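Reminder, nothing fancy here: chain letters follow the sequence lines and each chain counts from 1. The basis for the numbers below is simple: all heavy atoms, side chains too, and nothing from hydrogens, waters or symmetry mates. Computed from a predicted model, the values in this text were never measured in an experiment.
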2 protein chains.
Amino acid sequence: MGSNSGSRPPVMADVARIAGVSHQTVSRVLNDHPNVRAETRTRVLRAIDELGYRRNLVARALVTKHSRTLGVVSFDTTLYGPASTVYGIERAAREAGYFVSIVSLRTIDRAGVVDAIDYLADQGVDGIVVVAPQASTARALDDLPLGIPVVAVEGGHAGDVSVVSVDQVAGARLAAEHLLGLGHETVSHVRGPSDWLEAEGRVQGWRTVLAEAGRPIPDPLDGDWSPRSGYRAGKRLAAMAGDVTAVFAANDQMALGLLRAFAEEGVRVPEQISVVGFDDIPESEFFTPPLTTIRQDFTAVGRHSLEVLLRQIEAGEPLRPERLVVPPEFVARASAAPAR
Amino acid sequence: MGSNSGSRPPVMADVARIAGVSHQTVSRVLNDHPNVRAETRTRVLRAIDELGYRRNLVARALVTKHSRTLGVVSFDTTLYGPASTVYGIERAAREAGYFVSIVSLRTIDRAGVVDAIDYLADQGVDGIVVVAPQASTARALDDLPLGIPVVAVEGGHAGDVSVVSVDQVAGARLAAEHLLGLGHETVSHVRGPSDWLEAEGRVQGWRTVLAEAGRPIPDPLDGDWSPRSGYRAGKRLAAMAGDVTAVFAANDQMALGLLRAFAEEGVRVPEQISVVGFDDIPESEFFTPPLTTIRQDFTAVGRHSLEVLLRQIEAGEPLRPERLVVPPEFVARASAAPAR
DNA sequence: CCCGCTGTTGTTAGCGCTAACAACAGCCAG
DNA sequence: CTGGCTGTTGTTAGCGCTAACAACAGCGGG
């Protein structure tokens, strides 16, 4: 089987000749068309096997207008969050019989997103998932070239595209409430970059909890998700040790920077300062001390976004945009302790 | 421009009609064919703009037999190494005008790799990069369905496919030599899973250095790249504290687990035990203490592998397999110190 | 004036597949 | 025996593009 003797790969007509049928009958067998005699079917299958024939999907896509390929646009797939999300999408897509074409953005501007979507649309993808964590990206989705189903991940309240996201506000509430519950007077916050919707949501959840409890609301410190920015914030917070007894970092990497800075300054965690992170990256459990954090189920987000997208593709017509929210989960470890 | 009034998207013939030329002339303009009068060209371009015409790449691929799409097969794109490599590939591919279709493997067996390659070949990709860190994966590449250019990343001495990789042996040597240079009698090793070529290379480099220096070679401890496995190894090593003064972990995550275990057992790093990792993930600099490690330039690996692949694709015929090695780099930080 | 050359454009065929319809055998109802 | 149905197969016409060749104008040389 499959002795592809030298020449060009076999096509449907070759199979048809061997099987003694028309190429259309071969097509019917391949597409599981019901009206094919069982005996004919096996003859065709045998010929396919003998020739090692594989259907040309490009030719198929040309006539069906469906490529069974999905596009994914994501920002910096090196980061744990996007990488896991894309992974979830890819897994779910392949299970559904779709290919996945990815485009990583390195700039944040809306032009980049629009370009990427155009680029994928050119290639003939059947639908696109945009991992759009920045407000600007989310806005770019509002006035799309359209004509092709799009789902946003972490995309805020984008106009008429469906959105799947983790409830950032709820996650931040979990963090702040835990710290307050531990007896801390208030909670400082190292926030993510202001253009990011996730950063915004976390600030909002944190602030709300403090406001509801009638506690003082310290100015949040600026970070950019990197451990280094957390480290810088940590140095500043360490200088205020005594006043500050609890910090909520907007992600685990910044929390790591915080821990490092505190260690250098001799500020003990959690004895003098409690720290809570966000994401639950695989490393967090082994930080010194192990990090109390909020887990986001990125794979679930990827999976759900794909489900929503497929629903739209299979409907064939624009559906009412969906809004799907995945709940975050509190993970207790050793970096947060009761206030003394 | 581009007022796509309701109906189906414009095709080349539509542009031709508007511009008053044949569809073939439109094709010539699009393909930068030299023999087109300048005035005709501008008329065609104007028509394209007016209609918002976009060439159908699927139809083009059908006749040219080139999809300008590359396939990437990778194992667990959630890990930092593969994720960065894929990122480098994707960037380079897009700059060269290629799309990238990815398939993430979750099982390690060769069937998975072969399936993935088949799957991508079906889709009509022009070439494939296989991020194949396991020996079994690398072997799977030896007897490929072939007919399509393939480049392996971290693929060992695979038969007749080109390979791009970081020099693991040299990296491990760097780590072991540094530790020995610090005055340690010998160096323990926490190795990666035995099926991984990278793990193998690191063991080999480490062992060679010790042998050359005539030092005792402790049995390596088994790990699986995860922080948890490093943690378990750390617990065992801590029990031997005093005997063991230096450890080389095969990756940074396991080194993190080591640090955690040592902290729990009250073994101070680097005062009592020096630790060196491998990879230089972004977090390493902020571990407690900051991790001395070996940096791998994953993005460069991705870029190079794409260059090799494109060379093969553009040659149109099988080339002699290339072997490209990227040197690792030693990064000194605080987790390794002179033996007392 | 005819020939052949170059530059520009159009015409035709076909990539490999599916959709739509046509053809035909076998069967049962009337 | 005829009409019409069902199941099975074949024939034809494209999908939207590029490749190959044909056609033709304009030009200079013999």
Write down the distance between [atom1] ([X]) and [atom2] ([N]), rounded to a whole number of angstrom.
| X | N | atom1 | atom2 | answer |
| --- | --- | --- | --- | --- |
| A/Leu57 | C/dC15 | CG | C1' | 15 Å |
| B/Arg41 | C/dT8 | CZ | P | 10 Å |
| B/Asp122 | C/dC17 | CG | P | 11 Å |
| A/Asn35 | C/dA22 | CG | P | 17 Å |
| B/Arg43 | C/dT8 | CZ | P | 14 Å |
| B/Arg68 | D/dT18 | CZ | C1' | 15 Å |
| A/Tyr53 | C/dG16 | OH | P | 10 Å |
| A/Asn31 | C/dA20 | CG | C1' | 15 Å |

Practice task
Determine whether the aromatic ring centres of B/Tyr119 and A/Phe99 lie less than 6.0 Å apart.
Solution key: yes
Practice task
Examine the side chains of A/Ser104 and A/Thr77 and answer whether a donor and an acceptor come within less than 3.5 Å of each other.
Solution key: yes
Practice task
Say whether B/Thr69 and B/Gln123, considering side chains only, have a donor N or O and an acceptor N or O under 3.5 Å apart.
Solution key: no
Between [options], which nucleotide gets closest to the side-chain atoms of [X]?
| X | options | result |
| --- | --- | --- |
| B/Thr64 | D/dG16, C/dT18, D/dT18 | D/dT18 |
| B/Val36 | C/dT9, C/dC17, C/dC15 | C/dT9 |
| B/Arg60 | C/dT18, D/dC17, C/dG10 | D/dC17 |
| B/Met12 | C/dA19, C/dG16, D/dC17 | D/dC17 |
| A/Thr40 | D/dT18, C/dC17, D/dT9 | D/dT9 |

Fill in the blank from the handout: Assign each of B/Arg37 and A/Leu30 the nucleotide of DNA chain C bearing its closest heavy atom; nearer the 5' end lies the nucleotide of B/Arg37
Problem - Pairwise 5' ranking along DNA chain C for B/His23 and B/Lys65, keeping only the more 5' one - result: B/His23
Between [X] and [Y], does at least one N-O distance fall below 4.0 Å, as a salt bridge requires?
| X | Y | result |
| --- | --- | --- |
| A/Asp122 | B/Arg55 | no |
| A/Asp49 | A/Arg46 | no |
| B/Glu39 | B/Arg43 | yes |

Practice task
Determine the minimum heavy-atom distance between B/Val129 and B/Ser305, stating which atoms define it.
Solution key: CG1-OG, 4.0 Å
Completion exercise
Between B/Gln24 and B/Leu62, whichever has its closest DNA chain D nucleotide further toward 5' is B/Leu62
Exercise for the section: Apply salt bridge (Lys or Arg N to Asp or Glu O under 4.0 Å) to B/Arg320 and B/Asp160, showing your working. Expected result: CA-CA 8 Å; B/Arg320 199 162 39 74; B/Asp160 28 44; over 6 Å; no
Practice task
Report yes if at least one side-chain N or O of A/Arg55 is closer than 4.0 Å to OP1 or OP2 of C/dT18; otherwise report no.
Solution key: yes
Problem - Presence of donor-acceptor pair under 3.5 Å, side chain of B/Arg28 and base of C/dG10 - result: yes
Exercise for the section: Could you check which residues of residues 13-22 of chain B get a heavy atom under 4.0 Å from DNA chain D? Sort them by number, please. Expected result: none
